[in-house]
Amino acid sequence: MLRLLDVSKVYENGTQALAGINLRIDDGEFVFLVGSSASGKSTLLKILTSEVEMTSGRGMVNSFNLNRIKARDIPKLRRSLGVVFQDFRLIDKKTIFENVAFAMRAVGTPPRKIKKRVEYVLGLVGLKEKADHYPTQISGGEKQRVAIARALVNNPSMIIADEPTGNLDPRMSLDIMKLLVKINEQAGTTVLVVTHEHELVDKFEKRVVAIRDGRIVSDRTGGYYQNEVV
Amino acid sequence: MKWYNISYFIREAVSSIGKHRVMSLAAIGVIAACLLIMGSFMMVAVNVESMLQEIESQNEILAYVNDTMDDEEAAGLGDSIRAASKEITEVTYISKAEALETFREELGDDSDLLDGLEGDNPLRNRYCVKIKDLSKTQEVAEAIESVDGIADVSARSDVSDKIVQIRHLATLTCIIIVLVLLCVALFIISNTVNLALFNRREEIAIMKMIGANNSFVRSPFMIEGLILGIIGALLALVLQWILYTYIIKTTLADFALFELISFRSMFWYLLGLFVGMGALVGGIGSGFTIRKFLKV
Ligand SMILES: Nc1ncnc2c1ncn2[C@@H]1O[C@H](COP(=O)(O)OP(=O)(O)OP(=O)(O)O)[C@@H](O)[C@H]1O
Ligand SMILES: [Mg+2]
């Protein structure tokens, strides 16, 4: 779960990216975060992962207090979140299997358990057969599936995805979004997805939070993107 | 830390060296070059030192016994000479007959020049005195001269002063050059590591994003640096051996006034030094340089 109270962010160069954000997401929810370019979506996610410090306001993610988190606890916060990016961020020199496995190694999981779990999540995203391939040998949609598998592998309570379909064609985008919905429904993992794509959001009847110029301008469960003033 | 973590780090480090061959070769080359330069200088320094010791051991004080004393009296002066100064380490009595014999040997084929002198030996009974600290030569010589029965003393205090000077100069130069080389080595290596890490900053950022802690990210890099450092050190050792044994020894041995120290006698010392320095610079260097990439 996450809770943000009156959160603002002003970057060092004076850009105000967020202005008074209030947001509550409960465990098991599926939320779309929408808004035009430069509206502050990525900044909001970076505050959740503690990549960026908020200028004012209060916030908590899972059991972590964002205002008081110590540097050595940041890895723990990030392990409780599975993060997925627009550009996949896979390590090209590692196999698909290793890309997923090393998220588990980082947590100190014994190799025996790693093998089983990685095979399981790769099966979940439909990539069991490509485990020995390298990221350069698979398609964009497949890469994003690997990234989702990696985000899932440590059983996070929440998945955060920043425009996960931004680099994919519409068909693949729909598949990826369906995969995230499936994870949310089957494993109960909370999912927060940032996206630009109207048509995609409109295909699912989910909670949509719209943000403009660093403010939340609408937040409706079951709402459709095209009805919002963004 | 669990064994499977350590074995993972080592496998990771080894495979990473294979995947970044050019960068690894560059790092090995840089470390080997720095150690080779340092080692070459050290070999010169060691040889200079052994040369100085050689000269030093030849530099002795000769105390001549008064001719009025007979051989037996002269031979009994040893203890009073030894008592003259705390600096004295060795006192050897050389009778005039022995001195003549030595002289004869030195003359070799021309020893017949000394024929007939045995009965009326013009040489004096003498003591050969060695001291600890060459810079005290003059002082000790004077002390010995005041011993009863000593006629006069010959000491090349000018030579011993020179040796002391050369040693001071050599020590100073040695320290300065090693310090400068160390700085240069650290600078080049930290730049090499920096470049290598810059190419892999994305990888590091991804690890951090996934929730890896700093020591998990750092460990394989440090082991990688350690391995590269040790390989560089071994390479430098082989190159040093070839350079020293074949080039310097074959060309210089004929001209050198002193015997050069053999590489073999230096081997373990150099091995320890090179591997120690290589591992230190490689491991610590990469561990230190990675810090700024960990701030994600
Ligand atoms: N590191 C930074 N330093 C200064 N300004 C920044 C930084 N990151 C983002 N900004 C600014 O903050 C504002 C919000 O950026 P943000 O990346 O959060 O937008 P976004 O909604 O994710 O946009 P997009 O849809 O294009 O990804 C923009 O004006 C941007 O230029
Ligand atoms: Mg963005």
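Note that this is a predicted model, so its numbers are computed, not measured. Quick note on labels: first sequence line is chain A, next is B, and so on, each numbered from 1.
Considering CD1 of A/Ile91 and CE of B/Met207, their distance stands at 4.5 Å, rounded to 0.5 Å. If you take NZ on A/Lys94 and OG on B/Ser15, they are separated by 6.0 Å, rounding to the nearest 0.5 Å. In this structure, the separation between CE on B/Met209 and NZ on A/Lys46 is 9.0 Å, given to the nearest 0.5 Å. Between the CZ atom of A/Phe102 and the CD1 atom of B/Ile206 there is a distance of 6.5 Å, given to the nearest 0.5 Å.
For A/Leu90, the part lying near chain B is the backbone, with the side chain staying farther off; criterion is any non-hydrogen pair under 4.5 Å. For A/Arg150, the part sitting under 4.5 Å from any heavy atom of chain B is the side chain, from C-beta outward, and nothing else.
Dense packing is recorded around CZ of B/Phe41, with more than 12 heavy atoms of other residues, nucleotides or ligands lying under 6.0 Å away. For B/Tyr269, the OH atom counts as loosely surrounded, since its 6.0 Å shell holds 12 or fewer non-hydrogen atoms of other residues, nucleotides or ligands. Other residues, nucleotides and ligands contribute only 12 or fewer heavy atoms inside 6.0 Å of the OH atom of A/Tyr120. Annotation: A/Arg58, atom CZ; neighbour count of heavy atoms from other residues, nucleotides and ligands within 6.0 Å does not exceed 12. Atom NZ of A/Lys115 sits in a sparse spot, with 12 or fewer heavy atoms from other residues, nucleotides or ligands closer than 6.0 Å. Atom CD of B/Glu202 has more than 12 neighbouring heavy atoms from other residues, nucleotides or ligands inside a 6.0 Å radius.
Counting heavy-atom pairs under 4.5 Å between each of A/Pro111, A/Ser80, A/Ala71 and chain B puts A/Pro111 at the top.
Listed for the A/Arg78 side chain is no donor-acceptor partner under 3.5 Å among the backbone atoms of B/Ile210.
Contact between B/Gly211 and A/Pro75 at its shortest, heavy atoms only, is O-CB, 3.4 Å.
Within the 4.5 Å cutoff, the side chain of B/Asn213 has heavy atoms near those of the A/Arg79 side chain. Inter-residue side-chain proximity for B/His20 and A/Lys93 is flagged as met; some heavy-atom pair is nearer than 4.5 Å.
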